[in-house]
Amino acid sequence: MQERYEPAAIEAEAQRYWDEHRSFEVTEDPSREKYYCLSMFPYPSGRLHMGHVRNYTIGDVVARFMRMQGRNVLQPMGWDSFGLPAENAAMANGVPPAKWTLDNIATMKSQLKALGFAIDWSRELATCRPEYYRWNQWLFLRMLEKGIAYQKTGIVNWDPVDKTVLANEQVIDGRGWRTGALVERREIPMYYLKITDFAEDLLEALAHLPGWPERVRAMQANWIGKSEGVRIGFPYEIDGVRGVLHAFTTRADTVMGVTFCAVAAEHPLATHAAAGNAELAAFIEECKRGPTIEAEIATQEKKGMATGLSVRHPLTGEDVPLWVGNYVLMSYGEGAVMGVPAHDERDFEFAKKYGLAVKPVIDVDGRPYSTEAWQSWYGEHGRCVNSGKYDGLDFQAAVDAVSADLERLKLGEKRITWRLRDWGISRQRYWGCPIPIIHCEACGAVPVPDDQLPVVLPENLVPDGSGNPLLKDAAFLACTCPRCGRAARRETDTMDTFVDSSWYFLRYACSDNQRSAVDERVRYWLPVDQYIGGIEHAILHLLYSRFWTRVMGELGLIVGFKEPFTHLFTQGMVLNEAFFRKTETGRIEYFNPADVDVSVRDGRRVAVLRKDGGVVESAGVITMSKSKNNGVDPQVLVDELGADTARLFTMFAAPPEQTLEWSDEGVQGAFRFIKRLWKAVYEHVSAGAAAPLDKARLSEAQRSIRRQAHHTLGKVTDDIGRRRTFNTAIAAVMELLNALSKFPQQTPLDRGVMQEALEIAVISLSPIVPHVTHALWRGLGHSTALIDEPWPSVDAAALEQSSVQMVVQVNGKLRSHITVSAGADEEVVRKAALADAHVQKFIAGGTVRKLIVVPGKLVNVVV
RNA sequence: GCGAAUGUGGCGGAAUUGGUAGACGCGCCAGGCUUAGGACCUGGUGGGGCAACCCGUGCGAGUUCGAGUCUCGCCGUUCGCACCA
């Protein structure tokens, strides 16, 4: 074993060993228990970023740990390689998205390999390859047959200058990002998937996912948004036409407090009213130019306009004025709300602004209601007042009575409404999976027959920002109708990239199968035992994957499971300080932290750009991103200090589900620790082979070290295996190493204890820093490869202690410590505590009223 | 706006089931060593106080023998909001 720790050589050697022995290629083996450990596949954006390093290191630690626990571990990797950034890069560089994407994959794959992840590369897939996306198309056609996929119109952001559909992120302050033109809402035909048919099951099953974080389950439940309420009909007669305006409410008990109704700008009644009302038509146009993003709709100023029409209250028969409101969503409920200003904060605000009546009809514990200003309790449940026959009823009784009356009048009924909407998958983009449809003038939209799949996306086009380039590709467009054989036009919309990522985890089980989407190997590997990815995917990707898995079950393609991911781990974001300067034009320019020196002058932190010596301002510690130029290139770190240091720091600096702050000093600390471990092993083995450990002859000091070593092993096993708190596992090994550095090496028995303790330290850290531990294991005299070693078990005998220290409190405050024998009964502990001189001092002058003993831990004397 | 998290020394964080607040690391201070290294080693380091002790986990209340942990109210930060992935 050499004296110096040289990460480059050590890591190359370990990786060569794993490659030569194909250590991580796995096959189905029914005699062994499988473990499918999956990290969310990356979008090939160019180079790896720290978020990837963190994500894949977490997965790798779990995979290696489970492998040492004896499981048949599958850890695959692939590329989520369709999407908008490739089109943007194509426009910027004049390179086709395909070339840009494949180049990025090559770069990032070599970076992943340099980090030493235990990946089975033989199963690699990329969603932009026809071998993958042909099965998207095939599955889409099956859903079309089943009625799960269907066509209807949907609203998109339309840039009138570029004549193109924009993604939400391409709309900045209501304008197109390239043209600056005011974006319009436009309704176009699209394909949807009926995820709402699965809403009940998707919601109910959340209760049976104990391996998922509570917060993700809560977010999904709220997203699905089941509300039980009443659909209320407000009859009207407008221009001689009779009809009923339906509004959904969860507060039917407040129906007697209705003072207006409001509909969305797209509602048919709004359109009708606008026909003879130019001012209203202009307002509706304004609403339609407004934001499409729910967060912006909810935060914008609430605006409305009276239609001049009114509807009739179903129970009182009174006229209720009808308004158009910019806060009413067409996509939720009926696109209309009944306005009860007295008991709904948004309605209150709206009524105050437009001088509508506020009519309190709920009494909450007799508290006085004032229409002056909104109080948070106005929205609480209570008893009906000022409500005629419903007076005195509580919430549930009132809802029951109102809905029964409405039902009798055929003007309403109890109803369940979901917030979840069907999933629109059509995208007017080039770089995605073509939707396999052919448009025939005679036959309409005709599915592409299975034997014509895949519909291959041409890979040589370069988008220019104005519309989908497929629309100009004659070779792609031209086709014949499968039904009538006449010339027809190919669909140019592609699929949402969330389709690609909704089932890739199934495909890893059989990515080499060119004849079917999935096969029997899925039964062995699925469901995924541990899924790891960013918290930002908590809702959409994870919900779509749960939906897709159910659909594939209904199609009879997979059996035995409905939930794709048994355990879910959501890792936090990686943050770093960002530095900027305002240019003379007021533009903000960001500088990479690697080019900035921070020092302390006169007690104040000063950041200076190295290039020009000028001061830059700090924007604080924020998420690493391209736009803030505060990313750290993992490759630089790997080249300078090695993959193990990169892995150790990202696992040590924060608990994995929380945000991680980058720190160059912290990285040095991680590197220093690996060097200390190396040195400890080097010094130990330099003195020759250690004698076998004779456990019967250990001194108290030796027993104590051995106890700590086994205690550490137990803690690491629990921290990695159950708690997934890798930071505390590492801290425990650091403590062990600190103790070992103070442990004298005088007798052969000392060296035996040391050998065992160092082996525990090396094995414990091996899932986290696999390269250096691979070398150290050899250094400690083993001819085996550490990756093939079983995870050791704790020697219970080593943990035994003859006496324990207990804390003594007086009135809850720490006053003293006592040492008692390990199994001492309560009476002995009481006496020892009361006899303690320090305790005596604090109980003098009072009487002991109570004495609480927590065995093995603490005594509290209450005076 | 709605939903979900989160808040502890100079900094990242620990305290797993209501039981010693600050493990471990960074930084800083003091000393040592020197083959001057990306050094390394030893000791110290929440605040106040000479001390005995006192104070201390975003703010304000509460439950309890005992609260960083539980309950209620407020404030700040972060993530998501359906076409970024």
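Computed over heavy atoms, backbone and side chain alike; hydrogens, waters and symmetry mates excluded.
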ask   = Rounded to whole angstrom units, what separation is found between the CD1 atom of A/Ile818 and the P atom of B/rG19?
value = 19 Å
From B/rA14, B/rC84, B/rC65, nucleotide with atom closest to A/Asn860 side chain = B/rC65
query = Does RNA chain B take part in any stems of at least 3 consecutive Watson-Crick or G-U pairs (both distances under 3.5 Å), and if so, which ones?
reply = B:1-7 with B:75-81, B:10-12 with B:24-26, B:27-32 with B:40-45, B:46-48 with B:53-55, B:58-62 with B:70-74
request  = Go along nucleotides 38-55 of chain B 5' to 3' and tag each nucleotide: B for a protein heavy atom under 4.0 Å from its base, S when only backbone or sugar atoms are that close, - otherwise.
outcome  = BSSS-S--------SSSS
request  = Please check if the side chain of A/Arg647 supplies one atom and the backbone of A/Ile768 the other of a donor-acceptor pair under 3.5 Å.
outcome  = yes
task = Would you indicate what A/Ile293 reaches in the nucleic acid, counting non-hydrogen atoms under 4.0 angstrom: base, sugar-phosphate, or nothing?
result = sugar-phosphate
query = Looking at RNA chain B, which of residues 39-51 of chain A put a heavy atom within less than 4.0 Å of it?
reply = A/Tyr43
query = The side chain of A/Asn727 lies closest to which of these nucleotides: B/rC65, B/rA14, B/rC83?
reply = B/rA14
query = Does A/Thr623 make a side-chain N or O approach to OP1 or OP2 of B/rC79 shorter than 4.0 Å?
reply = yes
ask   = Please give, in whole Å, the distance from B/rU16 P to A/Glu657 CD?
value = 14 Å
query = Which nucleotide sits closest to the side chain of A/Phe652: B/rA85, B/rG12, B/rC65?
reply = B/rG12
ask   = Do the side chain of A/Glu169 and the base of B/rC83 come within less than 3.5 angstrom through a donor-acceptor pair of N or O atoms?
value = no
message = Using the side-chain heavy atoms of A/Thr728, tell me which of these nucleotides is nearest: B/rA14, B/rA85, B/rU20.
response = B/rA14
message = Given the structure, check if the side chain of A/Asn168 and the base of B/rC83 hold any donor-acceptor pair shorter than 3.5 Å.
response = no
